[in-house]
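Okay, here's the structure, questions in a sec.
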Amino acid sequence: MRILLTTLNSKYIHTNLSLKYLYSVVADSGLDVELREFTINNERDLVFGEIMRGGYDLVCFSCYVWNIEQIRSLCSDLKKARPDLRILLGGPEVSYESERFLRDNPWADFIIRGEGEKPFSQFCRELISGNRDFSKVSSLTYWGLDTVLSNEAGSLPYMDRLPFPYTYLEVETDKIVYYESVRGCPFRCSYCISSVDSTVRELSLERVRRDIGYLMYKNIRQVKFIDRTFNYNKARAGEIWQYIIDKDNGTTNFHFEICGDLLDSDSFRVLSRARKGLFQFEIGVQSANPYTLREISRKTETAEVLQNISKLMELGTIEVHVDLIAGLPCEDYRSFAESFDRVYAVHPSVLQLGFLKLLKGTRIRREAREHGYIYRDKAPYEVISNKYMTAIDFVKLKMVTTVLDLYYNRGGFQRTLEFLIEDMEVTPFRFFERLADFYYSGKYHMASHKKEDLYRILYRFAMKQEAKLSGISTRAEHFLTLDMMDALNPEVVRRFMEKGWELK
């Protein structure tokens, strides 16, 4: 029997850790198992053709909000072409409402709900034995004779018993390597899929040191920990950070999602020793509105989080990405603007504006009617409106996100942004709101732009303020030139000066 483990990643540089675990648990089983990863940007015919040419008997897809719609279409075609092909699905997008999913998608034969290593191993044992008694496979939803059946969930394996995937697989040095030291999350944020699982299980420190030591030995460009709250155990987090600092190879960057208010003096003492570029942190503020935080069961102290973000930025060695989520309960447009301004004030490396997704299995999806949520029918189930913000409010926030990404998150405009916000005497949010109005009214959003053209567009924006603030465009030109000299190579700057500030 030929088995394919596959998925559609969102980008080429991304990899799928779940499939690597599944491959590892059956690598010595004697089954003919192949692992291949595609992306959502691959041509549909290419993926279809590669799977058809493989002559597989069973194809297993890892399903997420970013790929489920394409997987639906692809699998439907595969089943039409090969009615005898068996299709097994897993991942968060099919782990909830699984029986309904099978009824709505008759091309699917099996779904493994939740953690897949143990059920997949049991499933493969049934294939090897020839009995195919799938009632023995825990957490499996599948077709019986004329009905859909669901088996009870089994016990979860100890983390240290899970194989290290790169014992069996080559490390892909040109991609981000995902690593997991903890499963589950101690917090219960209503919008997060991790809040559904109340258990928190961790790898031993000895195992973590061995695993990441190997990845550093391989000179991986970036190792991204997918732990939902890496520093929930402060002492453990500190020991891992210290180990990485001690073994630093000068190349590998480590990304962690952390809780900002759990950073303490011991954390900063360890982090202060890290070289620049060794660590990258993602910190979810989500909202600064206390009513919103209470409604989503997020027990954080915003002032403390922001203070710690400021301390991280003062270290000057750690890239800090801070998240805000638009569309949370009790947060209207003005409240979101205030949350934005409070986060912007600490000047994180990247300020990421996300939009609420009402994911299957989450409490916020069950409470959608209470908050008046209207959201997209198809994955990723993004909010369209709620009783706190209109659909046009969200459109405006999307516009703000566009210019924020171009001019703040992309870098290269720091002096000019500081000058314009101060000279125009506006809050950061109102500045980006005005810049977004200018950018979209000028139809600049209808085409992609080289970075040097973004300087010209920002200069034209400054010129438009001239009627109210005499001389602002001349002063802005000075700061734009300084920013440009830092961000662009000398030859690009020379060509820019020859062409002038007019956008052709």
Side-chain angles (χ1 to χ4, degrees), residues 1-9 16 18-19 22-23 25-26 29-114 116 119-151 360 377-379:
M1 169 169 280
R2 283 182 54 76
I3 299 174
L4 175 66
L5 297 169
T6 192
T7 193
L8 306 177
N9 294 321
N16 187 288
S18 298
L19 292 180
L22 297 186
Y23 181 90
V25 297
V26 298
S29 67
L31 287 169
D32 183 3
V33 182
E34 184 178 355
L35 192 160
R36 293 194 65 181
E37 299 180 50
F38 302 97
T39 81
I40 58 175
N41 300 310
N42 287 136
E43 290 186 9
R44 177 172 165 174
D45 283 349
L46 182 149
V47 181
F48 177 84
E50 290 299 290
I51 294 175
M52 287 295 296
R53 290 195 309 111
Y56 305 105
D57 302 293
L58 173 70
V59 179
C60 311
F61 284 92
S62 186
C63 304
Y64 301 86
V65 290
W66 62 79
N67 65 20
I68 187 61
E69 298 305 329
Q70 287 178 248
I71 287 176
R72 283 179 192 260
S73 178
L74 173 63
C75 287
S76 177
D77 288 347
L78 287 170
K79 201 72 165 187
K80 290 175 183 176
R82 284 270 315 276
D84 61 323
L85 179 67
R86 294 293 173 259
I87 296 175
L88 183 150
L89 307 176
E93 188 51 30
V94 294
S95 289
Y96 305 93
E97 305 176 11
S98 301
E99 294 186 6
R100 178 179 175 181
F101 187 95
L102 280 188
R103 294 190 186 99
D104 291 345
N105 300 276
W107 47 261
D109 299 289
F110 310 97
I111 291 175
I112 289 178
R113 310 183 308 275
F120 186 65
S121 178
Q122 294 170 339
F123 185 87
C124 288
R125 279 203 299 270
E126 290 303 312
L127 296 180
I128 293 170
S129 71
N131 297 327
R132 304 199 175 186
D133 182 359
F134 297 120
S135 66
K136 296 180 179 179
V137 180
S138 60
S139 301
L140 185 71
T141 298
Y142 59 106
W143 282 100
L145 292 177
D146 293 308
T147 188
V148 174
L149 305 173
S150 286
N151 299 338
K360 292 180 180 179
D377 294 329
K378 294 184 177 182

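Source: prediction; values computed, not measured.
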- Query: Can you tell me how far CG of L89 sits from OG1 of T7, rounded to the nearest 0.5 angstrom?
  - Reply: 10.5 Å
- Would you find more than 12 non-hydrogen atoms of other residues, nucleotides or ligands less than 6.0 Å from D104 atom CG? yes
- Query: Is there a donor-acceptor pair under 3.5 Å between the side chain of S73 and the backbone N or O of Q70?
  - Reply: no
- Query: Taking only residues two or more places apart in sequence or in another chain, which ones pass ring-ring contact (aromatic ring centres under 6.0 Å, His included) with W143?
  - Reply: none
- Message: I'd like to know whether Y56 forms a side-chain contact (heavy atoms from CB on, under 4.5 Å) with L78, so could you lay out the CA-CA distance, the side-chain angles of the two residues, the decisive distance to 0.1 Å, and finally the verdict.
- Response: CA-CA 11 Å; Y56 305 105; L78 287 170; over 6 Å; no
- Item | Side chains of F61 and V94 in contact at under 4.5 Å (non-hydrogen atoms) | no
- Message: Treating N67 as the side-chain partner and S62 as the backbone partner, does any N or O pair qualify as donor plus acceptor under 3.5 Å?
- Response: yes
- Hey, could you give me the CZ/CZ distance between R53 and F48, rounded to the nearest 0.5 Å? 12.5 Å
- Do R86 and D57 come within less than 4.5 Å of each other through their side chains, counting heavy atoms only? no
- Task: Hey, could you give me the OG1/OH distance between T147 and Y142, rounded to the nearest 0.5 Å?
- Result: 10.5 Å
- Query: What's the shortest heavy-atom distance between L149 and G144, and which atoms?
  - Reply: CD1-CA, 4.0 Å
- Query: Okay, side chain of T141, backbone of E99: is any donor-acceptor separation there less than 3.5 Å?
  - Reply: no
- Query: In Å and rounded to the nearest 0.5 Å, what is the CG to SG distance from L58 to C124?
  - Reply: 7.5 Å
- Query: Taking C-beta and beyond as the side chain, do L8 and N42 meet within less than 4.5 Å on heavy atoms?
  - Reply: no
- If we only count heavy atoms from C-beta on, is the L74 to I71 side-chain gap below 4.5 Å? no
- Hey, are the side chains of D109 and F134 touching, using non-hydrogen atoms and a 4.5 Å cut-off? no
- Note on the structure: Here the gap from E50 atom CD to R36 atom CZ, rounded to the nearest 0.5 Å, amounts to 4.5 Å
- Any donor-acceptor N/O pair, S95 side chain to G114 backbone, under 3.5 Å: yes
- With sequence neighbours excluded, what pairs up with R82 under the salt bridge (charged side-chain N to carboxylate O under 4.0 Å, His left out) test? D84
- Message: Within the structure provided, determine whether I3 and V26 are in side-chain contact (heavy-atom separation under 4.5 Å).
- Response: no
- Task: Please report the shortest heavy-atom distance between S139 and P119, naming the atom on each side.
- Result: CB-CG, 4.1 Å
- Does any non-hydrogen side-chain atom of C60 lie less than 4.5 Å from one of L22? no
- Query: If only atom types and distance count, is the side chain of E37 paired as donor or acceptor with the main-chain N or O of N9 below 3.5 Å?
  - Reply: no
- Hey, are the side chains of R2 and E34 touching, using non-hydrogen atoms and a 4.5 Å cut-off? yes
- Verdict with reasoning, Y64 to S18, per side-chain contact (heavy atoms from CB on, under 4.5 Å): CA-CA 11 Å; Y64 301 86; S18 298; 3.4 Å; yes
- How would you list, by chain and number, every residue that makes a salt bridge (charged side-chain N to carboxylate O under 4.0 Å, His left out) with E69, sequence neighbours excluded? R72
- Item | Expected output: side-chain N151 to main-chain V137 donor-acceptor under 3.5 Å | yes
- Message: Quick check for you: to the nearest 0.5 Å, what is the distance between Q122 atom CD and D133 atom CG?
- Response: 11.5 Å
- Which atom pair, heavy atoms only, marks the closest approach of L102 to F110? CD2-N, 4.5 Å
- Task: Could you point out which residue of D32, L35, L19, I51 forms a side chain to side chain contact (heavy atoms under 4.5 Å, CB included) with L4?
- Result: I51
- Please check if the side chain of N105 supplies one atom and the backbone of W107 the other of a donor-acceptor pair under 3.5 Å. no
